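First the structure, in the form of structure tokens, and then the observations on it.
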Amino acid sequence: MNRQDFTVFYPVYTRWMDNDVYGHVNNVTYYSYFDSTINRYLIEHGGLDIHSSKIVGYVVSSSCQFRRPVAYPDSISVGLRVSKLGNSSVTYELAVFRESEEEAAAHGQVVHVFVDRDQNCSVPIPEQIRDCLEEILPAQARAAET
């Protein structure tokens with residue numbers, strides 16, 4: 001995956017504690033980067049209130065492929081896009097880029113299912129959130145949905 005594959009990016013500041021004994025960011029930390037990126041986008045663009053929204057997104061699947069190590073104090077950014085948008089679920093694609101590098105050091109997918117917080121059952125994606133997700137759904141994925 002390359003930087004040009006994404007339109008939304010968020011900076012992430014690696015921390016000393018992110019490194020493992022091998023001297024690079026530990027694999028589980030990438031999932032934290034992914035989760036923070038997705039939720040920041042949903043909060044800023046979809047109006048998600050993580051504390052009191054009746055409908056929230058639960059992660060039901062996630063994966064990450066590692067290409068090159070990243071280590072503290074690297075400056076990185078995480079690219080975000082939607083690859084599939086369903087009635088109650090969305091598949092995100094994310095990629096971690098070192099500053100000034102075009103090729104991703106790691107990339108992965110996260111699937112959210114939107115649920116009613118009280119009933120704990122899946123529900124359609126709220127309109128405001130769906131609208132912001134459609135904004136980062138590439139044209140070829142949009143065509144495949146129809």
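What you are looking at is a predicted structure, and each value in this text was computed from that prediction instead of being measured. In this chain, residues are counted from 1 in sequence order. Values below: all heavy atoms of this structure, side chains included; hydrogens, waters and symmetry mates excluded.
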* Asked: How long is the span from the OH atom in Y13 to the CG atom in D74, to the nearest 0.5 Å?
  -> 13.5 Å

* Just do the side chain to side chain contact (heavy atoms under 4.5 Å, CB included) check on V56 and I50 with the steps written out, would you? => CA-CA 7 Å; V56 294; I50 58 172; over 6 Å; no

* Asked: Out of I129, D118, L48, V123, which one pairs with I55 under the side chain to side chain contact (heavy atoms under 4.5 Å, CB included) rule?
  -> V123

* Shortest non-hydrogen contact from C64 toward F34 -> SG-CZ, 3.9 Å

* Only pairs at least two apart or in different chains count here, so list each ring-ring contact (aromatic ring centres under 6.0 Å, His included) that has a residue in residues 106-139. => Y92-H112, H112-F114

* Asked: Out of curiosity, does F6 fall in the hydrophobic cluster containing F66 (side-chain heavy atoms, cut-off under 4.5 Å, transitive links)?
  -> no

* To do: Give the minimum heavy-atom separation between A71 and T14, together with the two atoms involved.
  => O-OG1, 4.1 Å

* Kindly determine whether L94 and Y33 satisfy side chain to side chain contact (heavy atoms under 4.5 Å, CB included), including the steps that lead there. => CA-CA 9 Å; L94 300 107; Y33 298 160; over 6 Å; no

* Structure fact -> On a heavy-atom basis, the closest approach of C132 and H45 is CB-O, 3.5 Å

* **Distance (rounded to the nearest 0.5 Å) between S89 OG and I125 CD1** => 6.5 Å

* With the side chain counted from C-beta on, respond yes when N27 and D20 share a heavy-atom pair under 4.5 Å apart, and no when they do not. => no

* Separation between CD of E102 and CE of M1, rounded to the nearest 0.5 Å -> 14.5 Å

* To do: For the pair V90 and V111, evaluate side chain to side chain contact (heavy atoms under 4.5 Å, CB included) and give the outcome as yes or no after the intermediate values.
  => CA-CA 6 Å; V90 58; V111 178; over 6 Å; no

* To do: Can you see which heavy atom on Y30 is nearest to which on V96, and at what distance?
  => CD2-CG2, 3.8 Å

* Asked: In terms of hydrophobic clustering (I, L, V, M, F, W, Y; side-chain heavy atoms under 4.5 Å; direct or indirect links), are F97 and L80 co-clustered?
  -> no

* Spell out, as yes or no, whether a donor-acceptor pair under 3.5 Å connects the side chain of R130 to the backbone of N87. => yes

* To do: Can you measure from CZ (R98) to CD1 (I76) and round to the nearest 0.5 angstrom?
  => 9.5 Å

* Asked: Where the side chain of R68 meets the backbone of E103, is there a donor-acceptor pair that is under 3.5 Å apart?
  -> yes

* Structure fact -> Rounded to the nearest 0.5 Å, the OG atom of S77 sits from the CZ atom of R3 at a distance of 4.0 Å

* Asked: Can you list every pair that meets salt bridge (charged side-chain N to carboxylate O under 4.0 Å, His left out) and has a residue in residues 85-97, with sequence neighbours left out?
  -> R81-E93

* To do: Hey, could you give me the OG1/CG distance between T29 and D18, rounded to the nearest 0.5 Å?
  => 5.0 Å

* Would you indicate whether the side-chain heavy atoms of V59 and Y31 approach each other to under 4.5 Å? => no

* **Nearest non-hydrogen partners of Y10 and Y41, listed with the distance** => OH-CA, 3.5 Å

* To do: Quick one: closest heavy-atom pair of Y72 and R15, and the distance?
  => CD1-C, 3.2 Å

* Indicate if I43 and V82 have the same hydrophobic cluster label, given that clusters are the connected sets of ILVMFWY residues with side-chain heavy-atom separations under 4.5 angstrom. => yes

